[in-house]
Amino acid sequence: MPDHAISPTRAENYPEWYQQVVRAADLAEQSPVRGCMVIKPHGYAVWERMQGILDGMFKETGHQNAYFPLFIPLSYLEKEAQHVEGFAKECAVVTHHRLELGPDGKLIPTGKLEEPLVVRPTSETIIGAMFAKWVQSWRDLPLLINQWANVVRWEMRPRLFLRTSEFLWQEGHTAHATRDEAVEETLRMLDVYSTFAQRDLAMPVIRGPKPAAERFPGAVDTYSIEAMMQDGKALQAGTSHFLGQNFAKAQEIKFSGPSGVEEFCWTTSWGVSTRLIGAVIMTHADDDGLVLPPRIAPVQIVLLPIHKTAEEKEAVLACCRTLAAELATARYGDQPLRVKIDSRDLRGGDKVWQHIKQGVPLRVEIGPRDLAAGALSLSRRDRPPRERTSMPVAEFIAAAPGLLEAFQTGLYAKACQFREAHSVRLESMADVIAFFGQSEQEAGAGKGAIQGGFAHVHVADVPAVAAALEPLKVTVRCIPMEGEDEPGVCVVTGGPVARRSILARSY
RNA sequence: CGGAGCGUAGCGCAGUUGGUAGCGCGCCUGGUUUGGGACCAGGAGGUCGAGAGUUCGAAUCUCUCCGCUCCGACCA
């Protein structure tokens with residue numbers, strides 16, 4: 001057996017490694033439908049953990065869930081010019097509503113629709129149309145709605161979780177009486193995402209507004225959280241948009257204010273998707289497979305009974321059941337510990353490696369020797385696969401939540417260190433070119449090469465900057481909000497700039 | 001959507017100048033084993049991505065289509 005479970009390794013071929021991790025961890029697979037994936041039970045369980053936490057955070061911030069149609073009349077999309085333009089190229093369109101059996105046994109679409117329906121790429125327009133009916137008075141505001149749904153964007157180059165033609169997400173849509181309230185909401189939800197990413201996904205992110213070129217179609221401002229993957233590329237892990245009154249005007253979302261004057265609402269929208277699963281993989285997984293942060297791990301502790309004889313099996317299983325029951329009374333992250341006994345009739349080594357590849361944080365083996373000593377053998381997914389430590393059972397029960405917390409914070413710290421090690425402050429275009437390399441080939445890169453990382457650079461928000469970065473395949477990811485203002489001059493235009501931006505290659 | 005590469009068993013692959021398909025792992029059965037991916041023996045599993053063509057005969061040659069991967073364009 002090789003010394004690692006995933007082949008190729010990250011250093012050998014990063015994109016292929018990613019796919020092999022998805023497969024080895026049994027998260028998802030390709031479907032017969034081009035560009036669409038099947039999310040398998042383990043992958044969906046991770047998504048359910050994410051959903052559960054986020055949904056709680058949305059409720060805590062006053063939002064309610066609702067559900068809007070999958071189909072959007074073409075005319076709705078046409079209402080906001082920039083919006084149509086932004087999505088026009090990637091829309092699936094339904095034109096018929098019936099199938100008829102043809103003479104050759106083939107099914108033929110018939111019943112042409114009078115108005116084609118667009119499968120939602122996002123729901124601003126249809127939700128806006130409903131908001132227009134729901135909002136009459138300033139007393140109806142703010143209107144704070146979230147929807148968990150699937151959306152379709154016809155992608156030309158799909159990648160499991162990161163970019164598929166259909167994906168699952170949540171989209172929050174809110175309407176407010178004032179500009180300030182809407183801006184505040186936009187930033188509040190950006191913070192929710194940031195907190196969730198860092199606390200629950202153990203994934204450090206940088207919050208900030210996007211440059212004009214990267215804005216959501218129809219938005220006044222788009223904010224994102226950007227994370228660094230283990231190949232040094234940036235991944236946009238969540239977005240929050242301040243839509244101004246653009247959609248309110250397009251959809252006629254109006255209200256009568258206290259003074260009797262009719263005004264347009266100020267709206268926001270924000271979302272995260274199953275792409276976060278890809279983000280977790282590329283942040284934490286290693287050459288042995290997935291590594292899951294305990295807070296989102298469907299199983300945090302797996303108990304592996306080891307036995308030969310029937311008597312041993314009975315005693316060991318009894319011990320496991322007792323241990324599982326006691327652990328389930330402990331809590332971590334406001335939740336009972338999630339413990340599973342794996343008593344499948346498989347060879348021990350096979351079982352262990354499955355759990356390694358699936359990213360289970362803690363593995364506990366209990367065999368006759370442990371039983372005799374009142375102890376157990378503990379292995380951690382953030383330690384080498386073969387490392388085990390013995391521990392008295394009672395001690396483990398008391399220590400388990402703390403071990404999970406240490407695991408979680410350890411992952412976060414490691415990810416932070418990686419990001420720091422691949423972040424630089426640069427002062428000139430020459431430095432930028434040197435940092436990213438003229439091209440990936442020139443950088444001496446194989447498929448496992450680190451793609452630079454994050455460059456903190458002063459750049460103006462003008463097209464000339466994007467043009468200058470284009471040959472490097474680098475984009476301005478966002479203008480970080482953290483830290484002090486640090487005025488400087490744009491490395492492209494020489495003009496004054498208030499803060500540094502993050503430059504990176506991206507997914 | 002453009003360029004390149006690839007589609008052969010669940011996974012990874014071999015298959016020569018065309019002659020009717022194999023290996024490793026996995027899977028099933030029996031046995032020996034068992035505290036970190038066991039060993040022996042036996043077995044199941046493939047319309048060779050799909051369709052058409054050339055040929056006595058196609059995994060192999062030709063064409064078309066579909067899908068996947070990488071690069072690009074595009075992508076809140």
Side-chain angles (χ1 to χ4, degrees), chain A residues 1-5 7-8 13-16 18-20 23-24 26 29-37 82-83 85-91 121-122 124 151 153-160 162-165 169 171 209-224 236 238-243 269-273 275 288-289 304-309 312-313 316 345-357 363-373 375-377 379 384-388 390 439-441 445-447 470-471 473 475 478 506-507:
Chain A
M1 272 291 141
D3 54 356
H4 46 258
S7 175
N13 185 338
Y14 194 83
E16 178 65 16
Y18 173 81
Q19 296 187 103
Q20 293 302 328
R23 196 160 62 75
D26 215 19
E29 66 182 58
Q30 216 66 64
S31 78
V33 187
R34 194 212 131 91
C36 297
M37 64 176 165
Q82 284 191 321
H83 193 61
E85 219 177 292
F87 286 106
K89 278 168 283 180
E90 49 188 23
C91 286
T122 179
E124 272 72 11
V151 284
R153 296 175 189 182
W154 212 260
E155 294 295 347
M156 291 293 103
R157 194 176 165 189
R159 302 193 62 183
L160 288 176
L162 301 175
R163 174 168 283 116
T164 48
S165 291
W169 78 342
E171 47 181 324
K210 302 286 258 182
E214 307 257 331
R215 250 178 236 146
F216 175 75
V220 173
D221 285 310
T222 287
Y223 296 82
S224 72
Q236 178 176 296
T239 50
S240 187
H241 314 291
F242 170 58
L243 304 176
S269 67
W270 28 274
V272 296
S273 72
R275 175 180 248 205
D288 289 318
L304 301 156
I306 292 159
H307 46 74
K308 289 180 207 169
T309 65
E312 281 175 357
K313 179 176 180 179
V316 165
D345 184 15
L346 280 182
R347 294 189 54 77
D350 293 330
K351 250 196 254 190
V352 164
W353 280 100
Q354 285 184 17
H355 294 294
I356 290 172
K357 288 185 283 196
R363 306 187 300 277
V364 168
E365 287 177 42
I366 298 179
R369 291 211 294 269
D370 300 299
L371 226 50
L376 49 73
S377 296
S379 304
R386 287 165 207 287
E387 185 176 300
R388 286 186 295 174
S390 186
S439 69
E440 283 169 58
Q441 286 72 29
K447 297 215 164 156
E470 197 272 334
K473 290 180 249 166
T475 51
C478 71
S506 74
Y507 279 96

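Note on naming: letters A, B, ... go to the chains in the order of the sequence lines (proteins, then strands), and numbering restarts at 1 for each one.
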Identity of whatever pairs with B:U34 - Watson-Crick or G-U, under 3.5 angstrom: none

B:C68, B:G35, B:C75: which one has an atom nearest the side-chain heavy atoms of A:Q30? B:C68

Using the side chain to side chain donor-acceptor pair (under 3.5 Å) definition, which of the options A:E171, A:E124, A:H241 pairs with A:S269? A:E124

Contact class for A:I356 vs. all strands (heavy atom < 4.0 Å): base, sugar-phosphate, or nothing? base

Closest approach to the side chain of A:I306, judged atom by atom: which nucleotide of B:A73, B:G35, B:C74 is it? B:G35

Picking from B:G35, B:C75, B:A38, the nucleotide nearest the side-chain atoms of A:D370 would be B:G35

Would you say a side-chain N or O of A:K473 is under 4.0 Å from OP1 or OP2 of B:G72? yes

Considering only nitrogen or oxygen atoms on both sides, find all protein atoms under 3.5 Å from nucleotides 1-3 of chain B and state each distance.
{"unit_1": "B:C1", "atom_1": "N4", "unit_2": "A:M156", "atom_2": "O", "d": "3.3"}

Which atom of A:C36 lies closest to which atom of A:S165, heavy atoms considered: SG-CB, 4.2 Å

So what does A:S269 hit on the nucleic acid, given a heavy-atom distance under 4.0 Å: a base, only sugar-phosphate, or nothing? nothing

Rounded to whole Å, please give me the gap between CG in A:L160 and P in B:G67. 16 Å

Sugar-phosphate only, base, or nothing, as touched by A:W270 at under 4.0 Å among non-hydrogen atoms: nothing

Which of the following nucleotides, B:G37, B:C70, B:G35, is nearest to the side chain of A:R369? B:G35

Report the distance from atom CD of A:E155 to atom P of B:A73, rounded to the nearest whole Å. 15 Å

Answer yes or no: does a side-chain N or O of A:R159 lie under 4.0 Å from OP1 or OP2 of B:C70? yes

Could you check whether A:S224 gets within reach of a base, just the sugar-phosphate, or nothing at all, counting any heavy atom under 4.0 Å? nothing

So what does A:E90 touch, heavy atoms closer than 4.0 Å: a base, only the sugar-phosphate, or nothing? sugar-phosphate

Kindly write out the residues that satisfy ring pair (Phe, Tyr, Trp, His ring centres under 6.0 Å) with A:Y507, not counting sequence neighbours, or none if the list is empty. none

Select base, sugar-phosphate, or nothing to describe what A:G367 touches, counting heavy atoms under 4.0 Å on all strands. base

Pair A:Q82, A:E85: side-chain N/O donor-acceptor within cut-off below 3.5 Å: no

Under 4.0 Å from OP1 or OP2 of B:G37: is there any side-chain N or O of A:Q354 that close? no

Residue A:S377, side-chain atoms from C-beta onward, closest of B:A38, B:C70, B:G35: B:G35

Distance, rounded to the nearest Å, where A:W154 contributes CH2 and B:C75 contributes C1': 15 Å

Under 4.0 Å between any heavy atoms, over every strand shown, what does A:Q236 touch: base, sugar-phosphate, or nothing? Just pick one. sugar-phosphate

Table of protein N/O atoms under 3.5 Å from nucleotides 6-12 of chain B N/O atoms:
{"unit_1": "B:C11", "atom_1": "O3'", "unit_2": "A:R23", "atom_2": "NH2", "d": "3.3"}
{"unit_1": "B:C11", "atom_1": "O2'", "unit_2": "A:R23", "atom_2": "NH2", "d": "3.1"}

How long is the span from the CD atom in A:E312 to the CZ atom in A:R369, to the nearest 0.5 Å? 10.5 Å

Partners passing side-chain hydrogen bond (donor to acceptor under 3.5 Å, both in side chains) against A:D350 (at least two apart in sequence or in another chain): none

Dump every N/O contact between nucleotides 28-32 of chain B and the protein below 3.5 Å, one line per pair.
none

Listed nucleotide nearest any side-chain atom of A:P368, set B:U34, B:C75, B:G35: B:G35

Apply salt bridge (charged side-chain N to carboxylate O under 4.0 Å, His left out) to A:E387 and list each qualifying residue two or more places apart in sequence or on a separate chain. A:R383

To the nearest angstrom, the NZ-C1' distance between A:K313 and B:G35 comes to 17 Å

Roughly how far apart are A:E365 CD and A:S379 OG, rounded to 0.5 Å? 5.5 Å

What is the nucleic acid contact for A:E85, judged by heavy atoms within less than 4.0 Å: base, sugar-phosphate only, or nothing? nothing

